[in-house]
Every structure is written in C-alpha cells, then in structure tokens.
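First up is the structure itself, then whatever we jot down about it.
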Amino acid sequence: MEKRYRAKQASDSLMVGGLLSMSGGLQDAYTYHIRDQVFANAQTGNIVLMGQNIALGNWNAAVRYLLPLMAFAAGVYAAEVIHNHYRSQGIAMHWRHEVLLVETALLFIVAWLPQSMNMLANILVSFVCAMQVETFRELEGSSYATTMCIGNLRSAMENLYYWRRTKEDIRRHKAAVYFLVIFYFLVGAAIGGVMSLYCGEKTILFCCPFLLMAFTLMLRIRNRRLRFLSLMTGAEEDEAVVTGEQEL
C-alpha cells in the first residue's frame, strides 16, 4: 500500500520542490541586488513600479519594469509549447526535464552578462522564472509556487486553521509542507543576498546546482516508477512511458 502522502509524480516530491524554491528565492535576490533592483519573480511589484513611473513620466524607468513583465508572459507560453510538443525519448526523459535544462542554460548565460546588459539579464531571469512557475505547480497533490511566497503562505495558514479546527492529520501535513517551501525560498534568497556581495554577476550560477539536482532526482524517481509500472503491467519499459506520459 502506498504511503498516505506519497507524491503522484517525480516533480511532485518535497525535495524537488525545496530545490526549486531555493533557486526561485536566489533568482529574486539576484535581480534585486545585482540587476537594477528589478524583481524577477514578483511581477506584481514590477507592475506597481511601472505604473508609478508612468504616472511620474519616467518612461525609461517604466520600460525597465515592462520588459521583464513581457518576458515572464513569454516564459509561460514557452513552457506550454514544450509541454505540448515534447515527445519522450525512451524511459528517461519527461518534458519537465527539458524545461530544467533550458532554465539552467539561460541562467548560465546570465552570469556572464556585464552590468551594461542588466536589461537583458532581467529579461532572461524573468523568462526562466515564468517557465518554472508554469511547469512546477503541484507539490504532493496541492497547488504551490516555487518562485513566490504569497500563495504558499495563504495555503499554509488556511491548512493550519483547518487543522486546529478539525485535527485532521492531512491538514497539519499540508501546512508543514507549505511552511517548508517558504523556508527553502528564504534560504535561497539569503544565499543570493550574501553571495551577491562576493560574486556579483556570477551569483546566479548558484542556481544551476539546485536545478541540476532537481533534474537528477526527478530522473531517478521517474525511472523507478516507470520500471515498477512495467513490472506490474507486463509491458516493456519503453511501452510504460506511454502510461507515464499521461501525468500532467
């Protein structure tokens, strides 16, 4: 019998969510401290600052916040393109793996962009954040985000309230998971803030190990589950991919 809180798919595990949340927190700290105080993840903040600068007639500053916002929208679109056009090659790969590889490659490029190219750096990081938030939307069957905390905090407190009211163990577990994800985000932001003082533009490289570890972990979980599926159904491993690809 499966454990009560077992993740439904490889990307659904708490460890993967923690790694991605640390990367998300680091990205936000990086663009704020190193790249002209622009938020890569919190597009609400960028909209507020863009509106403020438009009202004051600071058009150049307004564009500085508009372009990351447009890049974020493009990132969401790109993630769905990958989702709907990707075809698994054997047992190993899943479309989410491809997204992680694209994220890692783009962040690696950002690390080598000079201060004179801050606009491009913010555009690329916002694009990466959007791909991540669109691709990784569930943790142990519940909605969450790896690049922002407002929704996670709301869900944590909601589940905490219902646990205190009903004493349901599942509510306590969900609240703890959301608080852990917020903590991981905080750790990533702290790493980004501190390392920005020493590594400057190269700080974003610290995201790459987090993303690659998530990639490797998802690969191991996926392969193990598909092999188990092939044993249960009597299908070949490559045939089991067809069933496995029915996961969102």
Would you say Asn46's side chain and Val38's backbone share a donor-acceptor pair under 3.5 angstrom? no
Sidechain-backbone polar pair: Asn152 side chain, Met148 backbone, donor-acceptor under 3.5 Å: yes
I need the Asn53 CG to Leu66 CG distance, nearest 0.5 Å. 11.5 Å
Taking atom CD of Gln132 and atom CG of Leu211, what is their separation to the nearest 0.5 Å? 6.0 Å
For Ala156 and Ala175 the tightest heavy-atom approach is O-CB, 3.7 Å
Evaluate the side-chain proximity of Val48 to Tyr65: yes if any heavy-atom separation is below 4.5 Å, no if none is. no
Give the C-alpha distance, both sets of side-chain angles, the deciding distance and a yes or no for side-chain contact (heavy atoms from CB on, under 4.5 Å) between Thr104 and Phe108. CA-CA 6 Å; Thr104 303; Phe108 184 84; 5.6 Å; no
Give the minimum heavy-atom separation between Tyr184 and Gly18, together with the two atoms involved. CD1-CA, 3.2 Å
When rounded to the nearest 0.5 Å, the distance separating CG of Leu106 from CE of Met131 is 7.5 Å
Leu49 versus Gln37: any side-chain heavy-atom pair under 4.5 Å? no
Does Leu14 share a hydrophobic cluster with Val133, counting links as ILVMFWY side-chain heavy atoms below 4.5 Å and allowing steps through other members? no
With a 4.5 Å cut-off on side-chain heavy atoms, are Val177 and Tyr144 touching? no
Show, in sequence, the C-alpha distance, side-chain angles and deciding distance for Tyr178 and Ser142, and conclude whether the side-chain contact (heavy atoms from CB on, under 4.5 Å) test is met. CA-CA 10 Å; Tyr178 280 117; Ser142 298; 3.3 Å; yes
Any side-chain heavy atom of Leu100 sitting closer than 4.5 Å to one from Phe136? yes
Nearest 0.5 angstrom please: Leu20 CG to Cys207 SG, how far? 10.5 Å
Check whether any side-chain heavy atom of Met22 lies under 4.5 Å from a side-chain heavy atom of Leu19, and answer yes or no. yes
If we ignore angles and hydrogens, is there a donor and acceptor under 3.5 Å between the side chains of Thr31 and Gln27? no
Does the side-chain contact (heavy atoms from CB on, under 4.5 Å) test come out yes or no for Val81 and Tyr77, once each step is laid out? CA-CA 6 Å; Val81 169; Tyr77 190 91; 3.7 Å; yes
Does CD1 belonging to Ile150 count more than 12 external heavy atoms closer than 6.0 Å? no
Geometric class of the His97/Phe215 ring pair [parallel <30°, tilted 30-60°, perpendicular >60°]: perpendicular
Identify the heavy atoms of Thr203 and Met195 that sit nearest to each other, and give their distance. OG1-O, 3.2 Å
State, yes or no, whether a side-chain contact exists between Phe206 and Cys199 at a heavy-atom distance under 4.5 Å. yes
Determine whether a donor-acceptor pair (N or O, by modelled atom type, separation under 3.5 Å) exists between the side chain of Asp28 and the backbone of Thr147. no
I want to check something: taking the side chain as every heavy atom from C-beta on, are Leu113 and Leu124 in contact at a cut-off of under 4.5 Å? yes
Shortest non-hydrogen contact between Phe210 and Ser23, atoms and distance: CD1-N, 3.9 Å
Is there a donor-acceptor contact under 3.5 Å from the side chain of Gln115 to the main chain of Ile34? yes
Are Val187 and Met15 co-members of a hydrophobic cluster defined by side-chain heavy atoms under 4.5 Å apart? yes
Closest heavy-atom contact between Ile54 and Ala62? CG1-CB, 3.7 Å
Check the hydrophobic clustering (I, L, V, M, F, W, Y; side-chain heavy atoms under 4.5 Å; chains of links allowed) and say if Ile47 and Leu67 are grouped together. yes
Check whether any side-chain N or O of Arg137 sits under 3.5 Å from a backbone N or O of Glu134 as a donor-acceptor pair, and report yes or no. yes
Asp36 CG to Arg64 CZ distance, which is reported to the nearest 0.5 Å: 5.0 Å
Quick one: does Cys129's side chain get under 4.5 Å of Gln43's, heavy atoms only? no
Is the count of non-hydrogen atoms from other residues, nucleotides or ligands lying under 6.0 Å from Tyr162 atom OH greater than 12? no
Closer than 3.5 angstrom, by distance alone: can the side chain of Asn122 be matched with the main-chain N or O of Arg35 as a donor-acceptor pair? yes
When clusters are formed by joining ILVMFWY residues with side-chain heavy atoms under 4.5 Å apart, either directly or through shared neighbours, do Phe183 and Met213 land in the same one? yes
One should read off an interatomic distance between Asn159 CG and Arg154 CZ, to the nearest 0.5 angstrom, of 8.5 Å
All heavy atoms of Leu107 vs all of Ile204, minimum pair found to be O-CG2, 3.4 Å
Are Val128 and Ile123 connected, step by step, through hydrophobic side chains (Ile, Leu, Val, Met, Phe, Trp, Tyr) whose heavy atoms are closer than 4.5 Å? no
Using a distance-only test with no angle check, is there a side-chain donor-acceptor pair under 3.5 angstrom linking Glu140 and His173? yes
